[in-house]
Amino acid sequence: MTWTDILHHWAAIEADLHEVYGIDVEDPDVMRRRSWRWLRVRVAGLLAADTRITRAMRHRDEPDS
């Protein structure tokens, strides 16, 4: 799984960031003040929980039936 694979599901990440952490990525002040590392840590946290992005990535890895 690469960051390209993960970021392909940006809508799921955006919804999960808001639901889990209360982060509004459309708020330019929030995103401007934070580092790439800050975002990476939170996305990694989303991938370790039962979230939209986790389900999307799991579905991506399932073989076709």
Side-chain angles (χ1 to χ4, degrees):
M1 169 180 358
T2 67
W3 277 103
T4 301
D5 297 331
I6 294 167
L7 294 175
H8 179 74
H9 300 282
W10 181 251
I13 293 169
E14 186 173 352
D16 288 341
L17 285 169
H18 191 267
E19 182 177 327
V20 174
Y21 299 112
I23 299 168
D24 179 4
V25 297
E26 289 292 314
D27 182 341
D29 291 332
V30 169
M31 299 311 287
R32 215 176 288 127
R33 287 191 318 255
R34 301 300 183 176
S35 67
W36 171 242
R37 180 191 174 284
W38 175 87
L39 183 59
R40 267 194 345 248
V41 167
R42 277 139 191 88
V43 172
L46 296 176
L47 290 167
D50 182 26
T51 58
R52 292 168 186 87
I53 185 58
T54 300
R55 291 187 294 274
M57 296 308 292
R58 189 178 316 132
H59 178 70
R60 178 191 67 94
D61 291 336
E62 290 176 357
D64 292 336
S65 300

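Here, residue 1 is the first one in the sequence, and each next residue gets the next number.
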Chemist: Who pairs with Glu14 by side chain to side chain contact (heavy atoms under 4.5 Å, CB included), at least two apart in sequence or on another chain?
Modeler: Trp10, Val25, Glu26

Chemist: Write down the atom of Met57, the atom of Leu47, and the distance for their closest heavy-atom approach.
Modeler: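 Shortest heavy-atom contact: CG-CD2, 4.1 Å.
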
Chemist: So which heavy atom on Asp29 is nearest to which on Asp27, and how close?
Modeler: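 Minimum heavy-atom separation between Asp29 and Asp27: N-OD1, 3.0 Å.
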
Chemist: Could you tell me the separation between the OH atom of Tyr21 and the CD atom of Glu19, rounded to the nearest 0.5 Å?
Modeler: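 These two atoms lie 11.5 Å from each other.
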
Chemist: Can you tell me how far apart CE (Met31) and CD1 (Ile23) are? Round to the nearest 0.5 Å.
Modeler: 7.5 Å

Chemist: Hey, can you pull the donor-acceptor pairs under 3.5 Å for the side chains in residues 33-44, sequence neighbours left out?
Modeler:
| unit_1 | atom_1 | unit_2 | atom_2 | d |
| --- | --- | --- | --- | --- |
| Ser35 | OG | Arg37 | N | 3.4 |
| Ser35 | OG | Trp38 | N | 3.1 |
| Arg42 | NH1 | Trp38 | O | 3.0 |

Chemist: Roughly how far apart are Leu46 CG and Leu17 CG, rounded to 0.5 Å?
Modeler: 5.0 Å

Chemist: Check Ala12 against Ile53 and note the closest heavy-atom contact, atom names and distance.
Modeler: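 That would be CB-N, 4.0 Å.
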
Chemist: With a 4.5 Å limit on heavy-atom distance, are the side chains of Asp50 and Arg55 in contact?
Modeler: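 Heavy-atom side-chain distance check passes, below 4.5 Å.
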
